[in-house]
A.B. asks: 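Let me begin by handing over the structure; questions about it come next.
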Amino acid sequence: MTSAPIGIFDSGYGGLTVLKEIKALLPEYDYLYLGDNGRTPYGTRSFETVYSYTRECVKWLLDKGCNLVIVACNTASAKALRSIQQNDLPGWAPGKKILGVIRPTAEILGKKSRKGHIGILATPGTVSSGSYLIEIEKFSPGVQVTQQACPLWVPLIENGEYDEPGADYFVEKYCHELMEQDPGIDTVLLACTHYPLLENKIKNYLPRGVQVVSQGNLVAISLQDYLQRHPELETFCSKNGNLEIYTTDDPVNFDRQALNFLGYAINSRYVTV
Ligand code: DGL
């Protein structure tokens with residue numbers, strides 16, 4: 001293996017909320033981000049489609065040299081990560097690693113709820129996979145987890161409509177449907193890396209006192225811990241503080257939207273995977 005950037009993948013812009021937190025905590029590393037904006041959203045697609053798209057994108061990052069890839073998309077982590085880790089990676093590059101975002105989030109989430117009632121706001125794909133139910137039960141047995149699918153939120157965000165008054169209708173609808181299922185929820189996870197952009201609106205439509213958790217910071221802390229525990233891989237993560245960003249759709253559009261996610265300007269490049 002030769003030293004290379006850490007790869008970060010999402011179906012579109014969402015993974016930038018994770019990249020932002022990772023870069024803030026671990027600024028010394030190089031990062032290579034790939035957003036599959038040309039085929040987003042993933043959250044409403046079948047297992048087969050999400051697996052096939054994710055597989056292509058992860059392979060592209062590995063072929064670019066990345067030795068460690070973070071799948072910064074809950075839908076792809078839920079529907080494709082395990083298959084890629086078990087079926088594909090050993091044949092592609094056995095020494096390399098692919099990590100997702102569900103496990104590190106689930107590990108900490110259960111401890112954040114005072115009453116043991118957690119709400120999950122996620123894409124239909126993440127909800128139907130049941131991954132959060134399974135993972136939270138492993139780390140915090142007995143915690144009551146309630147899920148709500150929010151199929152319209154990613155399209156609103158990808159199209160830059162998240163701050164507009166029109167978005168309020170669907171934010172209120174899904175928050176209301178979640179709380180109706182379990183009025184005892186005291187902690188809500190934004191279990192889609194796009195959703196932090198709707199956080200202010202989401203807080204408006206959840207009852208006062210309900211804690212809203214974004215996962216970017218949890219994933220960053222978990223990555224830091226992983227790198228400390230795996231010096232054999234960490235040595236092969238290059239450290240010049242560089243960031244390269246690629247998108248499978250229009251880079252001009254990507255740069256305009258990315259400013260809202262990252263808070264600073266970037267220059268992305270177009271790529272086909
Ligand atoms: N950011 C992705 C996630 O965390 C959004 C999925 C989509 O493209 O619908 O699930």
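None of the values given here were measured: they were computed from a predicted structure. Counting from 1, the numbers follow the sequence of the chain as shown. Counting convention: from 1, in listed order, for ligands and their atoms alike.
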A.B. asks: Restricting to side-chain contact (heavy atoms from CB on, under 4.5 Å), what partner residues turn up for Leu243, sequence neighbours left out?
C.D. replies: Leu19, Lys23, Tyr31, Ile245, Tyr264, Ile266

A.B. asks: Just to verify, what does Ser222 make a side-chain contact (heavy atoms from CB on, under 4.5 Å) with, not counting sequence neighbours?
C.D. replies: Pro104

A.B. asks: If you draw a 6.0 Å radius around CZ in Arg229, do more than 12 non-hydrogen atoms from other residues or ligands fall strictly inside?
C.D. replies: yes

A.B. asks: Collect the protein residues that have a non-hydrogen atom under 4.0 Å from ligand 1 and hand them over in chain and number order.
C.D. replies: Asp10, Ser11, Thr40, Pro41, Tyr42, Gly43, Cys73, Asn74, Thr75, Thr123, Val154, Cys192, Thr193, His194

A.B. asks: Indicate yes or no for a side-chain donor-acceptor contact from Lys20 to the backbone of Gly263 under 3.5 Å, with no hydrogens or angles considered.
C.D. replies: no

A.B. asks: One thing to verify: whether Glu135 and Lys138 come together as a salt bridge, which I'm taking to mean a side-chain N less than 4.0 angstrom from a carboxylate O.
C.D. replies: yes

A.B. asks: Could you pull out all residues at least two apart from Glu234 that satisfy salt bridge (Lys or Arg N to Asp or Glu O under 4.0 Å)?
C.D. replies: Lys239

